[in-house]
Structure formats: C-alpha cells, structure tokens
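Structure first, commentary second.
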2 protein chains.
Amino acid sequence: MSNYYQGTSRHLVAVDCVIFGYEDDLLKILLFPRRVEPAQGEWSLMGGFVDENESIDDAAIRVLQLTTGLTNIFMEQVKAFSDPLRDPGARVISNVYFALIRIDRQDTNIIQAHGAKWWPITQFPPLIFDHNQMVAVSLSRLQMKAGLNLIGHELLPDFFTLRMLRKLYEAIFQRPLDPGNFRKKVLSLNVLQKSANKDKTHSKKGSYFYHFEKKEKQDNGNFIFKL
Amino acid sequence: MSNYYQGTSRHLVAVDCVIFGYEDDLLKILLFPRRVEPAQGEWSLMGGFVDENESIDDAAIRVLQLTTGLTNIFMEQVKAFSDPLRDPGARVISNVYFALIRIDRQDTNIIQAHGAKWWPITQFPPLIFDHNQMVAVSLSRLQMKAGLNLIGHELLPDFFTLRMLRKLYEAIFQRPLDPGNFRKKVLSLNVLQKSANKDKTHSKKGSYFYHFEKKEKQDNGNFIFKL
DNA sequence: ACAAAAGTGTTTTCTCTACACCCATGA
DNA sequence: TCATGGGTGTAGAGAAAACACTTTTGT
C-alpha cells in the first residue's frame, strides 16, 4: 500500500443535529446549553465528534440517541460547514443533519438531563458559531422535503386529524393554507386511512383521526406543494 | 481554552468533484486515471485532501483550478461520503461537489497532462470506490437544480441557440422535450436576450443566438420543469 | 338558534401537453 | 419545389386557488 495518504492534514470532524419537532401547532427545534468552552452555557445544536470507525450517519444516529433516547429517527444529511474559523476552539468540520422526531415519544428524562429546551422555529435564542445558519439551511431543506413527500408520519402522533396535518404544513411553510384545498390534495394521495374516532377538542362537530397506511407507496416524484 | 477537543479522532478529509460539461449535444463528466495506489490507473473523479486552513469549498475550488485551469466555476456541495471502508487505502471522509464548466473554455493542456477524458454521462467506465454513487447523486442534484433555475449560463457558450439549450436539458433529463413548448417556457422567464446572428449549421432557416441577460433576476422560486 | 369548525362542491384561472401549421431557405 | 428544422398558435387535460355552501353539535 502506498504512503499517498501520509503527510496530509487530519481534521476534527463533527456532526450537528437540527432536531425538529411539532407541538401546540408550532414547529420547534431542540436546543441545548453548551456544556464546554468556548461559549459554555450558550444555546447550540447538539453535536458530537465522529469516531474513527463510524460513518457520519452513524455519528448522527449516536448523537440523536444520546440526546433524545430515540432510535430509528428520520434524518437527512444537509451539508458540511467548514470555515476554518467557524469554531473558535479548534478547526472543526461539521456535518449538519436535520432530524424529525415526535415530541410525544421523546425520553423526557434524557432531554431534561441535558437542560435541553424546545423552541419555536419562529422564535429561538441566538445560537453559537454558525448554528443559526445551520438551522436556516435545514429549514429550507425541510420545506423542500415536505413539498416532495407528505411528511407527518415523522412528526405527528400515530393518529392525527387533517387539521393537525394542515397546521403542521402551515408551520413548516409559515403561511396559511386553505383548509378545503389542503384536504382534497392530501386525501388524493391515497396514503391516509380514516379511523372511526373523532377529535372533539377543536370543534363541536369533531374531526376524524387519520393514520398513515402501512406500506409506503410514496415517492410519487411529483411535488405536493409549491414552495 | 478547554481541552474538550483533545483525545478525539482526527480524520483525512477530501473533496471529490463531479465535473459536468456539455459537448456534441451530450452531457459529459470529466474522469481521471488515478495516479496512486490503491486502484492506480483506474478511472476516478478528481479529488484532493482538505488542508489545515481552507474550507472544503476552497479545497474544491483548488482542485478544480488544478485540474481544469479554470477559476470562478459554478459549483455546489452535494454530500459527504463517509463509510469507514469506502477507501481501502485509508479512512477518508469525502465531500462531493458537482461543478459545471464550459468545455470550450477549459485549459486543454492541463486536462491532457492529467490524462483526463470527457465521458458521456450515459456511458462511462466503472469508477473506483464509491465514485459511481457520487456521480449518480450529483446527476440527480443537477436535475433538481436545472428544474429550479435555468442553467445553461454555466455550461453553454456565451451565445447559444434555443436548440442548444433544449438539447442540454434533454441531456440532463434524459428525455426528449417538445421544441415549441420548451421555447415558450424558456422565453417566458425573461432572462434571455436575442442577438442579431443566426446559427445555420442545423437548419437552412437558421436559429437565432441568444445570451443571458447581465443582471440575474433569477431565483423565482418556482420550478421550471417537472422532474 | 347560533356559532364555529368540519367537510363538500363549484367556478375560475393557470400551466402543461400534444400537435397542427406556417416560415425561411439551401440543395 | 421540397425537405427540414425554426418558430407560432391553439385546443384539451389537469392542477391550483378562491370561495360559496352544507353538516354537525355543544352551548
């Protein structure tokens, strides 16, 4: 084997996770007070370093598991942030992931042990380093994904009303959507199954709960919503 | 400053570039015979390691400059490939970029000095490691981008016919496009300026040359073509 | 009875698509 | 004049948007 690889720089490589959740009709992100210097105590995304023998995907999965107690989370690589000066503590190349989790399923103890807090995407404190930018890029990636596929499975409880799904999309795209048109569009995709029960908390009439059909015949390739 | 960053693994970080060009009505990629072991002599993307004090963007720009002689190239980060075993020579995390260059502007000497060769995207030799996958992901990213913005500025000569632009899109999406509809759609974007000259090589009547207007008022946010 | 949200239907507008058809010109 | 690609026009399908209207039920 050659020594081609010798004499070249080696880098600290990290992952940072933009963790999205949905609660109280609001799209939220999970933020943590940073435990170490520099910028100790300030709000940041949760991250961690990539180990010798794991892929960065695996590193992100590990970080998510440690911070939320959840496995099998939907998650997608966003992009790498690599300005040599982005982290004043050291030269760290960070790979950003966005994750979608169901807040109702998280392990509250683990979350609290980290001092983590859910913040609305429309109103969260300033973040360290380039983490604000990471959130912004992740949100637009989430919008892109939500326009391509019907998400909700990843963010809502098993059973949800069309109102909830619409509110979720309104939170993601940050604009109101016509209830009637939304309903027609979503149901035309034939991936939702109506249940027998109704949610009566928001209206006298009540709205039916739906849930996602088992086998995902998704990836229709067409856009659901204009962005 | 804390020693939080100590004791963590350091990694070789590389960039690999999927270089797209357009020639003879074909979308092509630029491939290189690998100069070092392992897999010496086999076809691969051009890549290089990220130095201590450069961003990975800068590393990609540097690699592009070294291999094509071009600066100021359009280029976009695609994703990181990080399987610990992806490179049998060492554990290397590679960030893939796709670049769009005008073949007519490249520095032929530099290209030839590397033994590089342009291959049609529809027919190129097997590549080393996970480079085939890198090309596949980059192509679909290119399709996404071409559907969002009108590209062509990055791949075509300054003056081009609508035929050329259409052929480019046909090459990118790998399907025929209706000439009349394509013309109407593209011209409705109001970013092309008709010139006085005609190209008579493809028809007796000749087709006008167009060029992109100076100030890009692009990013209309809407899709140009269904994917 | 009424208010309020769930749910349905209708109308208008816009875009995509297919395809017919005219135009210009070199051979 | 005729074949060929350039360029224009048009009719139909389908989707999106706007919005009127009906249903249900707790208060």
Side-chain angles (χ1 to χ4, degrees), chain A residues 24-25 143 146-150 152 156 159-170 172-211 220-227, chain B residues 24-25 143 146-150 152 156 159-171 173-211 220-227:
Chain A
D24 305 329
D25 292 352
Q143 291 175 337
L148 282 161
N149 307 314
L150 189 62
L156 296 175
F159 288 84
F160 52 89
T161 62
L162 290 181
R163 174 203 178 80
M164 292 168 69
L165 187 57
R166 174 169 54 84
K167 288 286 185 188
L168 169 61
Y169 265 82
E170 290 180 344
I172 291 174
F173 290 108
Q174 310 196 359
R175 66 174 156 97
L177 298 171
D178 182 279
N181 293 338
F182 183 86
R183 153 182 297 275
K184 268 173 294 186
K185 178 69 187 175
V186 163
L187 291 181
S188 75
L189 299 172
N190 288 321
V191 295
L192 295 187
Q193 198 133 31
K194 188 193 258 183
S195 87
N197 305 355
K198 278 188 169 187
D199 169 31
K200 295 246 190 175
T201 59
H202 285 94
S203 74
K204 338 273 188 179
K205 183 177 177 181
S207 59
Y208 284 103
F209 285 108
Y210 287 78
H211 65 102
N220 40 2
N222 261 353
F223 284 84
I224 301 181
F225 295 102
K226 281 229 208 75
L227 314 181
Chain B
D24 305 329
D25 292 353
Q143 290 174 336
L148 281 162
N149 308 313
L150 188 62
L156 297 174
F159 289 84
F160 52 88
T161 62
L162 290 181
R163 174 203 178 81
M164 290 168 72
L165 187 57
R166 175 170 53 86
K167 288 286 183 187
L168 168 62
Y169 266 81
E170 290 180 345
F173 291 107
Q174 310 195 5
R175 68 177 156 96
L177 299 171
D178 182 279
N181 295 337
F182 182 86
R183 152 182 298 274
K184 269 174 292 186
K185 178 70 188 172
V186 163
L187 291 181
S188 75
L189 299 172
N190 289 320
V191 295
L192 296 186
Q193 199 134 31
K194 189 193 257 181
S195 86
N197 306 355
K198 280 188 167 186
D199 169 32
K200 295 247 189 173
T201 60
H202 285 93
S203 73
K204 340 270 187 179
K205 183 178 177 179
S207 58
Y208 284 102
F209 284 108
Y210 286 79
H211 66 103
N220 39 3
N222 262 351
F223 283 85
I224 302 182
F225 295 102
K226 282 229 209 77
L227 311 183

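B:Phe160 places a side-chain heavy atom less than 4.5 Å from the side chain of B:Leu192. Side-chain contact between B:Ser207 and B:His202 is absent, with no heavy-atom pair separated by less than 4.5 Å.
Evaluated for a side chain to side chain contact (heavy atoms under 4.5 Å, CB included) with B:Lys167, the options B:Asp24, B:Leu177, B:Asp25 yield exactly one hit, B:Asp25.
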Which nucleotides of nucleotides 3-10 of chain D have their base under 4.0 Å from a protein heavy atom (B), which only their sugar-phosphate (S), and which neither (-), written as one string 5' to 3'? -BBBSBBB

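Here the C1' atom of nucleotide C:dT15 and the CG atom of B:Leu189 are 13 Å apart, to the nearest Å. In this structure, the CG atom of B:Leu177 is 16 Å from the C1' atom of C:dC19, given to the nearest Å. Following rounding to the nearest Å, A:Tyr169 (OH) and D:dA17 (P) show an atom-to-atom distance of 14 Å. Going from atom NZ of B:Lys200 over to atom P of C:dA27 covers 10 Å, rounded to whole Å.
Distance check, rounded to the nearest 0.5 Å: CG of A:Asp178 to NZ of A:Lys185 gives 14.0 Å.
Here B:Lys185 reaches the OP1 or OP2 of C:dC16: one of its side-chain N or O atoms lies under 4.0 Å away.
Between the side chains of A:Asp199 and A:Thr201, at least one donor N or O sits under 3.5 Å from an acceptor N or O.
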Candidate pair A:Tyr210 and A:Val191, rule side chain to side chain contact (heavy atoms under 4.5 Å, CB included), full reasoning: CA-CA 10 Å; A:Tyr210 287 78; A:Val191 295; over 6 Å; no

